[in-house]
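See below for the structure under consideration.
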Amino acid sequence: MGVKISTLIKPALTEITLPNLLGKKIAIDAFNSIYQFLATIRQPDGTPLRDHQGNVTSHLSGLLFRTLRLIENDIKPLYVFDGPPHELKSQIVQERREKREEEKHKMLQAQDEGDFEEAMKHAQASSKLTSEMIEESKQMLNYMGVPYIEAPHDGEAEAARLTNEGLVWACSSQDYDSLLFGSSRLVRNLTMSRTRRVKGTTIEVQIEYYFLEKVLNELKITREQLIDIGILVGVDFFPGFKGLGEKTAYKLIKENGSIETIINKGIEVRNTPIEIDLELLNTLRKIFLNVKKPDKIPNFVWKKPDEEKLRELLIEQKNFSEERVSSAIKRLVQKKSQKSQVNLDRFF
DNA sequence: GGGCAGTT
DNA sequence: AACTGCCCC
């Protein structure tokens with residue numbers, strides 16, 4: 001659950017395709033990506049893919065084939081995992097845990113009643129990434145020869161830092177938080193652009209590219225003000241204010257400049273004055289503005305896959321079909337076809 | 001989400 | 001070649 005500013009920053013959106021990212025290193029928010037696979041790769045009644053022992057394997061299937069797709073398009077993925085969370089995040093995490101429990105009940109109920117569509121909805125909302133899933137994802141990436149790092153704290157913060165240090169070209173996540181962390185470039189929907197079926201209707205899914213400078217120029221605000229907007233609507237470290245969405249938050253910041261002014265003027269939203277402890281406000285801003293550097297500079301390389309280990313993990317342990325794994329490995333090892341460079345100078 | 005085969 | 005539907009584990 002990232003910061004809800006999608007409508008606000010839409011005017012700064014640039015649509016791109018995979019060939020536009022040819023040769024680029026991309027820091028992928030691992031947690032966000034793996035969670036997405038776990039939530040979406042399911043049978044029509046909401047049941048995820050499982051191995052013979054009943055362990056969920058949806059995340060591995062998604063991660064394997066997505067990563068493969070990127071490599072085939074000459075994109076260099078680097079997965080960034082979350083490190084220990086900030087103490088302010090724990091509270092929000094607890095709330096999400098409770099919400100998941102509720103959703104699980106609703107899913108089981110819907111399955112009993114035979115309402116598969118309803119079951120699917122709640123199955124997705126009750127998805128939980130376990131530490132085992134994280135560990136085996138790392139292991140598989142290792143065998144694939146794809147690098148990953150663990151962030152000092154927030155994965156998106158580290159991905160933003162890597163982008164701004166020039167160690168990768170952009171970061172990729174479905175959430176917009178990396179922009180608050182100052183990332184100059186954010187890529188969303190990092191997948192083959194194609195039509196997808198959502199609730200009976202087909203929609204075109206395009207890769208989205210956001211350039212922070214363009215976002216700030218369009219909105220005519222500073223990054224500090226973008227962070228204030230985030231705090232008002234809610235971020236991973238603070239729930240925001242009830243009834244205060246992105247439109248109102250933008251209007252308030254545009255008119256008043258900062259949260260302090262809003263507080264001082266005693267501005268009310270839905271008959272409730274906006275109040276936040278100034279020390280907390282300062283702490284929240286610092287989380288986004290002073291991203292901690294890791295103790296040692298991350299060193300990442302893309303290697304040849306370990307075919308034997310990959311086969312052992314996926315075929316023997318996770319019961320993937322031999323044919324699928326063999327073809328995946330073949331694609332992984334094969335010298336990538338030379339793709340024509342698509343000039344994007346006018347955007348970048 | 002992505003592979004793949006069957007269809008137009 | 002584009003599109004649809006089913007399956008993957």
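Numbered from 1 within each chain, the chains take letters A, B, ... in sequence-line order.
A:Glu323 places its CD atom 22 Å from the P atom of B:dG2, with the value rounded to the nearest Å. With rounding to whole Å, A:Phe65 atom CZ is found 11 Å from B:dC4 atom C1'. Straight-line distance from the CG atom of A:Leu60 to the P atom of B:dG1: 17 Å, rounded to whole Å. If you measure from atom CG of A:Leu332 to atom C1' of B:dG3, you get 16 Å, rounded to the nearest angstrom. Atom CG of A:Leu18 and atom P of B:dG1 are 14 Å apart (whole Å). Rounding to whole angstrom units, CD1 of residue A:Ile71 and C1' of B:dG2 are separated by 15 Å. The CG-P distance, from A:Leu38 to B:dG1, rounds to 13 Å in whole Å.
Under the ring-ring contact (aromatic ring centres under 6.0 Å, His included) criterion, A:Phe65 pairs with no residue at all, not counting sequence neighbours. By the side-chain contact (heavy atoms from CB on, under 4.5 Å) test, A:Glu279 is found to be paired with A:Asp277, residues two or more places apart in sequence or in another chain being considered.
Under the 6.0 Å distance and 45° angle rule, A:Lys24 counts as a cation-pi partner of A:Trp169.
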Taking only N/O atoms, report every protein-nucleotides 6-9 of chain C pair under 3.5 Å with atom names and distance.
from  : atom 1 : to       : atom 2 : distance (Å)
C:dC9 : OP1    : A:Ser321 : N      : 2.8
C:dC9 : O3'    : A:Arg50  : O      : 3.4
C:dC9 : O3'    : A:Thr57  : OG1    : 2.9
C:dC9 : O3'    : A:Lys318 : O      : 2.5
C:dC9 : O2     : A:Arg50  : N      : 2.6
C:dC9 : O2     : A:Arg50  : O      : 3.1

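Using a 4.0 Å cut-off between charged side-chain N and carboxylate O, A:Glu102 and A:Lys99 make no salt bridge.
Side-chain contact of A:Arg42 with A:Ser127: a donor-acceptor pair under 3.5 Å is present, judged by distance alone.
Between A:Arg69 and B:dG2, a side-chain N or O to OP1/OP2 separation shorter than 4.0 Å is absent.
Aromatic rings from A:Phe300 and A:Tyr148 are positioned such that their centres are separated by 6.0 Å or more.
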